[in-house]
Number of protein chains: 2
Amino acid sequence: MPARTRATSLPAPSRLDLGRLRNACSACSLRELCLPAGLEQREIDAVDRLVNRRRPVARREYLFRSNTPLQSLYAIRTGFMKTSVLHVDGREQVVGFHMPGDLMGLDAIGSSRHVCDAIALEDCEVCEIPMDKLELLSREIPALQAHFHRILSREIVRDHGMMLLLGGMRAEGRLAAFLLGLSQRFAARGYSSTEFVLRMTRADIGSYLGLKLETVSRALSRMQDNGLIGVRNRHLRIIDREKLQAAAAHCAGKAT
Amino acid sequence: MPARTRATSLPAPSRLDLGRLRNACSACSLRELCLPAGLEQREIDAVDRLVNRRRPVARREYLFRSNTPLQSLYAIRTGFMKTSVLHVDGREQVVGFHMPGDLMGLDAIGSSRHVCDAIALEDCEVCEIPMDKLELLSREIPALQAHFHRILSREIVRDHGMMLLLGGMRAEGRLAAFLLGLSQRFAARGYSSTEFVLRMTRADIGSYLGLKLETVSRALSRMQDNGLIGVRNRHLRIIDREKLQAAAAHCAGKAT
DNA sequence: CGCACTTTTGAACAGAATCAAGTTTTGTGG
DNA sequence: CCACAAAACTTGATTCTGTTCAAAAGTGCG
């Protein structure tokens, strides 16, 4: 057994532990999404121990609620979730849709309290990552630290993209960009990028895109009529990606 | 002289060095904004050494440009800046306004390249913080690490707020919320929260709020007529904060 | 299997964009 | 310091996109 060189939370090489192994990050299909590349074995083991447990979240259940103290971040293992905040007048505004491999709760770090509600759009399973342990471990594993910073930063970039979309595009362009974004995220996870299921309602999409649900419905119909997409209930197919991209680019409209 | 207990980038207690001292974070009026509380003296010294130098940025000059490699983050010491991204069709969209104490470049960490342009709205002075050194030092000073995470997270929260505003409020509400936000940020920096100068053009404000400059102008006029504010060129005064808050809350409109 | 929710579609309306002057401010060079 | 040109701002009239209101059809959950 190798000698431990200094006090650290890195574990000795793990023994066989089937119960843990089944849940291990090292065995997770989302590894590339969640973990930085190039970790040493004992670092991977440490990360495995970092992740507390898998936890199921039933459809319509809250993973966390606004104003609740932040204890853990959550990585989605399976399923689809949405995050939303409430307007002063009580209306709900969706601020994000989240799929397997996404890390949730990042916006709570600033105040140590959640600032949005996270709701499962279907039955989900999430990995719980205690925030304090994450900060501890990322001090010891520079690659993990850098990876975490990248994730935070990318969230900012994503939000800037949304600001762009909300501030400068019209209905059809927003929808086109939204669908292309989903497509890309599905592709990155190994799912079909041309055919997928919209797990959220039209109202959710509208809220996210700053549109009314009727407008979403109309825009989808029009895009279907023009042969860009096929929609049937929540099942969506991208038929002409070129045209869809053109719609997203061109429907920038509003010569801000 | 105290013995150094382990290899580290923390310096020995600094000697008198007037040139450095004048620029030191420890002497900076923005200390509370930039630095975590409760650092030990030698930690503060380390942070002082982290910040490379003050650098002037003339009005209209770029602090950094999109797609440029990220080397450093920048903290604004004096002056006002804006960040913007370009739409596919070349239109500029403002994604943020930045004032003393703000940290810029956070959105570049994800890709190691800047994803927006930063332009000085007036003559500025910024502190350059090399990213690699920051990550190094934050591994050694947990308080610094936590502070940095908080800053990143708060940026995400701020952006969510913008999404809310862009997605769910109408022109006058957006403007009211924008002005109140500015007011609050000025207050946090010790400036007047009721009377200040808008360093940006109406077009910049419009771009930021997803409105045309004419709409901004009209909304400002109307709010002036109704006694909420006083505007004279770029000089703005908040006359009736209650009503302004009501406008921001009530003009949520759009029953999304 | 039925009831509630979701979605589609239509018609009227409203808010903001666009187009168009005209005015004021600012910045520059003489 | 003034004059002039460019930029920024205000205001009005018109147009158009998206919202609102309304009703009917479709889905799927319990």
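The basis for the numbers below is simple: all heavy atoms, side chains too, and nothing from hydrogens, waters or symmetry mates. Within every chain, numbering begins at 1; the chains are lettered A, B, ... in the order of the sequence lines, protein sequences first and strands thereafter.
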Subject >> salt bridge (charged side-chain N to carboxylate O under 4.0 Å, His left out) partners of residues 58-71 of chain B, not counting sequence neighbours, each pair once >> reply: none
**OP:** Round to a whole Å and report the spacing from NE2 of A:H235 to C1' of D:dT27.
**Re:** 16 Å
Original post:
Expressed in angstrom and rounded to an integer, what is the separation of A:L198 atom CG from C:dT8 atom P?
Top reply: 10 Å
**OP:** Please collect all ring pair (Phe, Tyr, Trp, His ring centres under 6.0 Å) contacts where either partner lies in residues 111-131 of chain A, sequence neighbours excluded, each pair once.
**Re:** A:F64-A:H114
Subject >> Pairwise 5' ranking along DNA chain D for A:V216 and B:V231, keeping only the more 5' one >> reply: B:V231
**OP:** Please name all residues satisfying ring-ring contact (aromatic ring centres under 6.0 Å, His included) with B:F196, sequence neighbours left out, ordered by chain then number.
**Re:** B:F186
Subject >> Residues that A:E214 engages under salt bridge (charged side-chain N to carboxylate O under 4.0 Å, His left out), provided they are two or more places apart >> reply: none
Pairs under 3.5 Å (N/O, protein and nucleotides 12-14 of chain D):
from	atom 1	to	atom 2	distance (Å)
D:dG12	N7	B:R218	NH1	2.8
D:dG12	O6	B:R218	NH2	3.2
D:dA13	N6	B:R218	NH2	3.4

**OP:** Check every strand shown and say whether B:R222 touches a base, only sugar-phosphate, or nothing at a heavy-atom separation below 4.0 Å.
**Re:** nothing
Original post:
Which nucleotides of nucleotides 4-9 of chain D have their base under 4.0 Å from a protein heavy atom (B), which only their sugar-phosphate (S), and which neither (-), written as one string 5' to 3'?
Top reply: ----SS
**OP:** Go through the structure and list residues passing salt bridge (charged side-chain N to carboxylate O under 4.0 Å, His left out) with A:R199, not counting sequence neighbours.
**Re:** A:E122
**OP:** Any pair with a residue in residues 95-112 of chain B that passes side-chain hydrogen bond (donor to acceptor under 3.5 Å, both in side chains), sequence neighbours left out, goes on the list, sorted by first then second residue, please.
**Re:** B:T83-B:H98, B:D102-B:R185, B:D102-B:R189
Subject >> Spacing of B:L209 atom CG relative to C:dA16 atom C1', expressed in whole Å >> reply: 14 Å
**OP:** Please name all residues satisfying salt bridge (charged side-chain N to carboxylate O under 4.0 Å, His left out) with B:R113, sequence neighbours left out, ordered by chain then number.
**Re:** none
Original post:
What residues, two or more places apart in sequence or in another chain, satisfy side-chain hydrogen bond (donor to acceptor under 3.5 Å, both in side chains) together with A:E195?
Top reply: A:H235
**OP:** Calculate the interatomic distance between A:R170 atom CZ and C:dT18 atom C1'; express it in whole Å.
**Re:** 10 Å
Original post:
So how far is it from A:L228 CG to A:L179 CG, rounded to the nearest 0.5 Å?
Top reply: 9.5 Å
Original post:
To the nearest angstrom, how far is A:E172 atom CD from D:dC16 atom P?
Top reply: 17 Å
**OP:** Output the distance between atom CE (B:M81) and atom CE (B:M104), rounded to the nearest 0.5 Å.
**Re:** 5.0 Å
**OP:** Round to the nearest Å and state the distance from A:R59 atom CZ to D:dG28 atom P.
**Re:** 11 Å
**OP:** State, to the nearest 10°, the angle formed by the axis through the first five base pairs of the helix from C:dC1-D:dG30 to C:dG30-D:dC1 and the axis through its last five.
**Re:** 60°
Original post:
Quick one: which of C:dA16, D:dG18, D:dT27 gets closest to the side chain of A:R232?
Top reply: D:dT27
Original post:
Under the salt bridge (charged side-chain N to carboxylate O under 4.0 Å, His left out) test, which residues partner A:D204, sequence neighbours left out?
Top reply: A:K82
Subject >> Euclidean distance, atom CE of residue B:M169 to atom C1' of C:dA16 [Å, nearest integer] >> reply: 15 Å
Original post:
Starting at NZ of A:K212 and ending at C1' of C:dA14, how long is that distance when rounded to a whole Å?
Top reply: 14 Å
